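The structure under discussion appears below in the form of structure tokens.
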Amino acid sequence: MSQKLDSRYDPAGIEAPMYRRWEEAGLFHVPAGQVERPYVISIPPPNVTGALHMGHGLNHTIQDVLIRWRRMQGFDAVWVPGTDHAGIATQNVVERELAKNGVSRWDLGREAFVEKVWDWVHEYGGQILEQQRAIGDSCDWERTRFTLDDGLSRAVREVFVRLYDKGLIYRGEYIINWCPRCRTALANEEVEHRDEPGKLYHIRYPSAVEGGQDLVVATTRPETMLGDTAVAVHPEDPRHAARVGQDLLLPLVGRLLPVIADEYVDLEFGTGALKVTPAHDPNDFEIGERHELPRVNVLEAEGTISGEAPEAYRGLDRFEARERIVEDLEAGGFLVEIEDHLHAVGHCYRCDTIIEPWLSEQWFVRMRPLAEPGLAAYREGRLRFHPEHFGKKYEHWMENIRDWCISRQLWWGHRIPVWYCEACGSEIVSRDDPTECPHCHGELVQDPDVLDTWFSSALWPFSTVGWPEETADLEALYPTDTLVTASEIIFFWVARMVMMGLEFMGELPFADVVINGTVRDHRGRRMAKSLGNGIDPLEVVERFGADAMRYTILSGASMGTDIQLNYQDLDAAFAVGRNFANKIWNAARFALPYLTEEDLATSPEDRELELADRWILSRFQSTAHEVTEALEAFRLHDAAAAVYQFGWGELADWYIELAKLRLGGARGDASRAAASTTLAHMLDGWMRLLHPIMPFVSEAIATRHPGRSEEDTIVRGPWPEPPDSWEDDAAEAAFAGLQELVGQVRNLRAAYGIDPSRQLTVLVRGAPPGLAGAMAAEGEGISRLARAVFQGADGLPAGPGAHAVLQSGAELFLPLADVVDVERELGRLEKELLRLESLLESSRARLDSPAFVEKAPAAVVEREREKQTSLAERRRLLVEKRRALGEG
RNA sequence: GGGCGAAUAGCUCAGUCUGGUCCAGAGCGCCUGCCUUACAAGCAGGAGGUCGCAGGUUCGAAUCCUGCUUCGCCCACCA
């Protein structure tokens, strides 16, 4: 109903159709074989069943800014998108769905279950790819990949076979991390340790020897005692030396346990006696190896007590068994003490179930040989992290790397390409599915396990572009340039990509790793489904636009730091970006009607430029450099701030305000033409600098320039590279003087509560040539901004009025007999005088110190002298005024 | 137990690597005044900070060094 509504920027109607146009025009796509000047980012593939969350919002915004900026610079920018099959996560999703109907995966059987997961993926998977379009991700969609694609699966097999042939993949029985709910092994990195209050149970193991002494051991997991096969003491422990070699009797089980000596035992802890359970503790496993102890596995895959245990406990869940055993120990008089005990408990990173260290046969990758080149690359500076300190994390992990358990007892994933011959027992590792044993023609059975999801992720930068085929894309798009990811993924993914890239491509997959922070709520908590404190990026896009979301995100956190967003008040959370988008829109709404086709075709330098024109061109020149440099250094936050400050604080607040008169023709045609041509270039340049960050609104405005249409997209640039000739220090200095002048008048007006509409007269005495010239050039303009007429004066009247002394030493006087009372003005002057006094004092102290004059660089001393002279002059003028005022 | 990071305005954060142009900036919030026809999602003005604490280096420290305190993260097999 009113114009106000129209003045608000409405992204909803603009963004989606614009994205469609971009995609249809193929602006994000570079055909294979035509990549000549590549800039490549391989996306961290989101889970195929996942939905976009704010973490993606942050991560993708950074990638898209880099990609769009390089594309505008003329690079063949390719952002390779795709999804990850995410073994456990996806399988869990489908299992949960089945469970609603009371069906388990075992009910269905392997083949049918995998079929179901594929159905699920085809139906619901990949929605995230659509959602990415909503936030503006300019991916090369024709290159979309999925980790279970045929091509990527071939790469997985190729890598497995080559590593196996090289002796870097082996199978063995070891203690691994077992999730009894997922019923699969996990890698060390997939276990999350949390300190939790627990109990430390002290249990007396009676001696089996006549007259021998009992030993008290301590454990946090009493149920594992069922699998004890020894008790260990330190070889130099005087308390127990005599007992080594004697047997103890395992309570509740009745097994004889030898007392052995092993240096692993900590003399300080408890009684110095350690129960040894080789099948359920990694350290005990090693002790067991050294002493050739039997391994008694008392747990089933689902976490219940196995047939190796006494009948009374078989089939009980591990925690039930714990309670029962504690009761029975107590009843039998074996329980000495129960202590409260805080200890780290491992949880499954996918389902949070408590992990059991469990003995089983698994496949492993020998990591140390792979890690060496990866470490060297980092230490030689070929692999760089941003911020730098994250490199230390990488280095430390690589230095202490342990073998990687890659087999998972899941059904969803890349099946391990190993077959066993039932007839002759051979183990066949093959790129293709063999039909019979090559040795004896016997029947083959494939290993039932699948590979860790991260195994295929590790190959992502080259498997997505064709490897192991030698494609044009592989040639052009590997290595990529920049990886953008979260710090918690450095071990899971970054390090492994580096190792695999070096091993199979002979080259790092990327040179720069940009680490983004975490998105948190306003209370600093990580956004999580379980906390219900998440923000849906799609809702943000709908309400405020993708641009507003992107700008808010970038402005909220500098490189590597976390960002806080209030999920309870989205209006407040995204106000920064929304307001900025609106400001941009309105600045353009004002400017565009004045511009002509000719303006953009004409170089500003061909017009009769005035001070304000030269000033804004100079400001733009320096802003463009600042933005480019910030982007080169991955300081996106600084780039965003610079574009904001230029556009709002300089172009809109000053240039446009001053240009209003000229654009209206008040100062003649030449002036009008200079203003409109300058404005056209500034608006266009600003939109281009802004485009990587806020692609939609910038494109909308840039294509609305007179003479342009939707066809004239800025998606492919060019990126602004203003000529050095636009730099103009003199104009900047003169203009700064004007800004100070206007600011002083506004300040005095506010200080005396003068009606904003009242036209003032301002007398200026002693303006240096630069300022005097500027006042002459922009007289009407600054009159408008200050609502005052400026007059040069040789002397200032003695009557009542408001005074100010500018930095240049020029004096400013507002003859305002009606509103200025002498007392108040004296107070104001006094305050200003005090300020100058204290500045002068510290300056003088410095210059009076011989040490400063001798040791500080000459330039610093010189600057200090100039400062003092100027301060002294300003003080002198103020003192004079005060006296005149006091006398008057 | 190791390692890393953070601490600057009421809030969220820049600035610290490369000490002087910073008696420290931005946005939000707050106070005052404005519907000045691009924008009230706006305009103008203003208040607000012992730069965590204690030492040290230096002519000079938010910035470099040492110690401490408080948060956060990562790694780690002390049962």
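Note: hydrogens, waters and symmetry copies are ignored here, and every other heavy atom, side chains too, is used. Nothing here was measured: the structure is a model prediction, and the numbers come from that model. The sequence lines fix the lettering, A, B, ..., with proteins before strands; numbering per chain opens at 1.
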Say we look at rC11(B) and rC30(B): how far apart would their P atoms be, to the nearest angstrom? 15 Å

Salt bridge flag under 4.0 Å for residues K392(A) and E395(A): no

Output yes when at least one side-chain N/O atom of N582(A) is less than 4.0 Å from OP1 or OP2 of rG42(B), else no. no

May I ask you to evaluate whether K392(A) reaches the phosphate of rG5(B), defined as a side-chain N or O under 4.0 Å from OP1 or OP2? yes

Answer with base, sugar-phosphate or nothing: what part of the nucleic acid does H341(A) contact at a heavy-atom distance below 4.0 Å? sugar-phosphate

rU18(B) P sits how many Å from E388(A) CD, rounded? 11 Å

N586(A) CG to rA38(B) C1', in whole Å, measures 5 Å

Would you mind classifying the nucleic acid contact of F491(A) as base, sugar-phosphate or nothing, using non-hydrogen atoms under 4.0 angstrom? sugar-phosphate

Between R863(A) and rU21(B), is there a side-chain N or O to OP1/OP2 distance below 4.0 Å? no

Has T220(A) got a side-chain N or O lying under 4.0 Å from the OP1 or OP2 atom of rA79(B)? no

Kindly indicate whether the side chain of Y9(A) and the base of rC39(B) share any N or O donor-acceptor pair separated by less than 3.5 Å? no

Salt-bridged, R526(A) to D562(A), with N to O below 4.0 Å? no

Is any side-chain N or O of W654(A) closer than 4.0 Å to OP1 or OP2 of rC43(B)? no

Should the pair F385(A) and Y378(A) be assigned to parallel (<30°), tilted (30 to 60°) or perpendicular (>60°) ring geometry? perpendicular

Rounded P spacing from rA9(B) to rG25(B) in Å: 14 Å

Going by modelled atom types, is there a donor-acceptor pair between the base of rA41(B) and the side chain of R8(A) at under 3.5 Å? yes

Hey, is D521(A) close enough to R523(A) for a salt bridge, meaning N to O under 4.0 Å? no

Given rA76(B), is OP1 or OP2 found less than 4.0 Å from the side-chain N or O atoms of R402(A)? yes

Rounded to whole Å, please give me the gap between CZ in R846(A) and C1' in rC59(B). 9 Å

Hey, is the side chain of K660(A) poking within less than 4.0 Å of OP1 or OP2 on rA38(B), counting only N and O atoms? yes

What's P282(A) touching, base or sugar-phosphate or nothing? Going by heavy atoms closer than 4.0 Å. nothing

Is the ring pair F491(A)/W397(A) parallel, tilted or perpendicular, if the boundaries are 30 and 60 degrees? parallel

Starting at the 5' end of RNA chain B, write a dot or bracket for each base, bracketing those in Watson-Crick or G-U wobble pairs whose two distances are under 3.5 Å and using | for partners on another strand. ((((((((.[[[[.)....(....]]]].(((((.......))))).....[[[[[..)....]]]]])))))))....

Here the distance between atom C1' of rC73(B) and atom CG of D195(A), to the nearest Å, is 14 Å

Can a side chain N or O of S842(A) be found less than 4.0 Å away from OP1 or OP2 on rG60(B)? no

Check whether any side-chain N or O of K583(A) sits under 4.0 Å from OP1 or OP2 of rC43(B), and answer yes or no. yes

How many angstroms lie between atom NE2 of H637(A) and atom CD1 of I693(A), to the nearest 0.5 angstrom? 11.0 Å

May I ask you to say what A641(A) touches in the nucleic acid, namely base, sugar-phosphate or nothing, with a heavy-atom cut-off under 4.0 Å? nothing

Indicate, with a heavy-atom threshold strictly under 4.0 Å, whether P593(A) touches base, sugar-phosphate, or nothing. nothing

Please classify the nucleic acid contact of R578(A) as base, sugar-phosphate, or nothing, using heavy-atom distances under 4.0 Å. base

Is a salt bridge present between E866(A) and R863(A), judged by a nitrogen-to-oxygen distance below 4.0 Å? no

